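By convention here, the first residue in the shown sequence is residue 1. All values derive from a computational prediction rather than experimental measurement.
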Amino acid sequence: MENSILQFQTRILLDKRVSVWHIGTYLALLHLLRQNHGINPVTISRKIVMPIARIKSVPTYHKYMADLVRFGYIHYHPSYHPKQASKVFIIS
């Protein structure tokens, strides 16, 4: 777990595309990974991730999740079902 954080810190220092909001979203996902005992994938819902990441709007949440996928930090598999959680694979 600590290794994932150190690897992320090293990557973001070199990646000019990453903003403080990407970092907050990624750290929220790492928090949920830790709660899942470090087991990938992590099941998530935006109602859980948004408050942890301090994100207030749904479009903002989707933007930063999509960016993290595009930048190669996570794999995100949304469920599109209100009662079924989405899955996130944290890439180390």
hydrophobic_cluster_shared for I74 and V18, side chain cutoff 4.5 Å: yes

CE on M50 to CD1 on I44, rounded to 0.5 Å: 11.5 Å

Minimum heavy-atom distance Q84-S79, with the two atoms named: O-OG, 2.6 Å

Same apolar cluster: L27 and Y61, side chain cutoff 4.5 Å: yes

More than 12 heavy atoms of other groups within 6.0 Å of R46 CZ: no

Minimum-distance pair of heavy atoms, taken over all atoms of A28 and I52: CB-CG2, 3.4 Å

Any donor-acceptor pair under 3.5 Å from H81 side chain to K83 backbone: yes

Audit row: D67, R17, side chain to side chain contact (heavy atoms under 4.5 Å, CB included) steps and yes/no: CA-CA 9 Å; D67 284 350; R17 304 169 296 179; over 6 Å; no

V69 reachable from L32 in the ILVMFWY side-chain graph, under 4.5 Å edges: yes

Value rounded to 0.5 Å, distance of CD1 in I90 from OH in Y26: 5.5 Å

same_hphob_cluster(Y64, V58) at 4.5 Å side-chain heavy-atom cutoff: no

Exercise: identify the closest heavy-atom pair between Y76 and V88: CD1-CG2, 3.5 Å

Residue K87 excluded, over 12 heavy atoms near NZ under 6.0 Å: no

Single-linkage hydrophobic cluster L68~I12, side-chain heavy atoms < 4.5 angstrom: yes

Nearest heavy atoms of H22 and F71, plus distance in Å: NE2-CE1, 3.7 Å

Where I55 and S57 come nearest, the two heavy atoms and their spacing: CG2-O, 3.4 Å

Whether N36 side chain and V42 backbone form a donor-acceptor pair below 3.5 Å: no

Side-chain donor-acceptor contact under 3.5 Å, Y73 with D15: yes

Interatomic distance, I23 atom CD1 to Q9 atom CD [nearest 0.5 angstrom]: 9.0 Å

H75 NE2: over 12 foreign heavy atoms closer than 6.0 Å: no

